[in-house]
Every structure is written in C-alpha cells, then in structure tokens.
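Notes for the one structure printed next.
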Amino acid sequence: MSPAMMKMWISIAGMALMFLAIITIYLSRYKLKGIFRMITAIIAYLFMIVAGLTLLIVFFT
C-alpha cells in the first residue's frame with residue numbers, strides 16, 4: 001500500500017473517531033444520568049484526543 005493510501009485510511013479513521021465522539025458527547029450530556037454519563041463522557045473525550053492526534057500525525061508527515 002502506498003504512503004498516500006495509508007494516510008487516507010488513517011485520516012478516515014480519525015474522522016470516524018470524531019463522529020463517535022460527537023455521538024457519545026451528545027449521549028452523555030442529554031440522555032444519560034449518573035455513572036453512565038461520566039463513563040461515556042470520558043470515552044468521548046478519549047475518542048476526540050485520539051482523533052486529533054491521528055489527524056495531526058497525517059498532517060505533519
């Protein structure tokens with residue numbers, strides 16, 4: 001696989017993680033209560049951090 005194709009797949013994975021982060025942030029803020037709210041918020045922000053790091057890696061390589 002060429003380096004350009006590898007970057008494409010990595011950036012698509014980063015965008016998918018951002019989409020999952022948006023969904024889980026919405027769930028944690030408006031639909032869930034208690035401990036489930038905290039767990040989904042932590043997972044959502046982890047998704048967002050990993051997505052940002054993957055897109056930065058693609059951008060700077």
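Between Lys31 atom NZ and Arg37 atom CZ the span is 13.0 Å, to the nearest 0.5 Å. Atoms CG and OH, from Leu32 and Tyr26 in turn, are 10.5 Å apart once rounded to the nearest 0.5 Å. Ile25 CD1 to Tyr45 OH: the interatomic distance, rounded to the nearest 0.5 Å, is 4.5 Å. For the atom pair Ile42 CD1 and Thr24 OG1, the distance stands at 11.5 Å (nearest 0.5 Å).
Residues Ile10 and Phe59 are members of separate hydrophobic clusters, defined by side-chain heavy-atom contacts under 4.5 angstrom among Ile, Leu, Val, Met, Phe, Trp and Tyr. Follow the hydrophobic side-chain contacts under 4.5 Å out from Met5 and you reach Val58 in the same cluster. A single hydrophobic cluster is not seen to contain both Ile22 and Leu27; linkage of ILVMFWY side chains at heavy-atom distances under 4.5 Å, directly or through other members, places them apart. Ile12 and Val50 are not part of a single hydrophobic cluster, where members link through side-chain heavy atoms under 4.5 Å apart.
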Considering only distance and modelled atom types, tabulate donor-acceptor pairs under 3.5 Å from the side chains of residues 14-21, sequence neighbours left out.
none

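Using a 4.5 Å cut-off between side-chain heavy atoms of Ile, Leu, Val, Met, Phe, Trp and Tyr, Ile57 forms no hydrophobic cluster with any other residue.
With a 6.0 Å radius and a threshold of 12 heavy atoms from other residues, nucleotides or ligands, Met8 has its CE atom above the threshold.
Thr54 has its side chain out of reach of Ser11: every pair of non-hydrogen atoms, C-beta onward, lies at least 4.5 Å apart.
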